[in-house]
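Heavy-atom basis, side chains included; hydrogens, waters and symmetry copies ignored.
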Amino acid sequence: MEVVLKIILVIASLGLIAVVLLQQGKSAGLSGAISGGAEHLFGKQKARGLELFLARLTMGLAVAFFVLSLVVAYFVQQT
């Protein structure tokens, strides 16, 4: 069981890395450095289409990664 969870954890982590790298940069250049992403925080830029899908997939994979990390840590502690 532990080996299967570790394999799923590795797949989830590689998927998370790939999805993050596929996303387009939101704040490029000097204006993005000054604003610090405040435009995205307050909803001035709405994600649509592929950007929305990648954002939701990133959140899902991040949650899966953290949950799997805790479960694997629990099983490793038990042995």
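A salt bridge (charged side-chain N to carboxylate O under 4.0 Å, His left out) check over residues 65-79, counting only residues at least two apart or in different chains, returns nothing. Residue pairs satisfying the salt bridge (charged side-chain N to carboxylate O under 4.0 Å, His left out) criterion with at least one member in residues 70-79, sequence neighbours excluded, are absent. Pairs passing the salt bridge (charged side-chain N to carboxylate O under 4.0 Å, His left out) check and including a residue from residues 6-15, sequence neighbours excluded, read Glu2-Lys6. Residue pairs satisfying the side-chain hydrogen bond (donor to acceptor under 3.5 Å, both in side chains) criterion with at least one member in residues 54-65, sequence neighbours excluded, are listed as follows: Gln23-Thr58. Applying the salt bridge (charged side-chain N to carboxylate O under 4.0 Å, His left out) test to every pair with at least one member in residues 58-75, sequence neighbours left out, gives no pairs at all.
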Tabulate below the donor-acceptor pairs under 3.5 Å that side-chain atoms of residues 71-78 make, not counting sequence neighbours, or state none.
none

Listing, residues 13-20 side-chain donor-acceptor contacts under 3.5 Å, not counting sequence neighbours, or none:
unit_1: Ser13; atom_1: OG; unit_2: Leu9; atom_2: O; d: 3.3
unit_1: Ser13; atom_1: OG; unit_2: Val10; atom_2: O; d: 2.7

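Ile7 meets the side chain to side chain contact (heavy atoms under 4.5 Å, CB included) test with Val3, Ile11; sequence neighbours excluded. For Ser69, there are no side chain to side chain donor-acceptor pair (under 3.5 Å) partners, not counting sequence neighbours. Residues satisfying the side chain to side chain contact (heavy atoms under 4.5 Å, CB included) criterion with Phe53, sequence neighbours excluded, are Leu50, Leu57.
Cluster annotation: Phe66 and Leu68 are assigned to the same hydrophobic cluster (Ile/Leu/Val/Met/Phe/Trp/Tyr, side-chain heavy-atom contacts under 4.5 Å, transitive).
Atom CG of Leu22 and atom CD of Glu51 lie 12.0 Å apart (nearest 0.5 Å).
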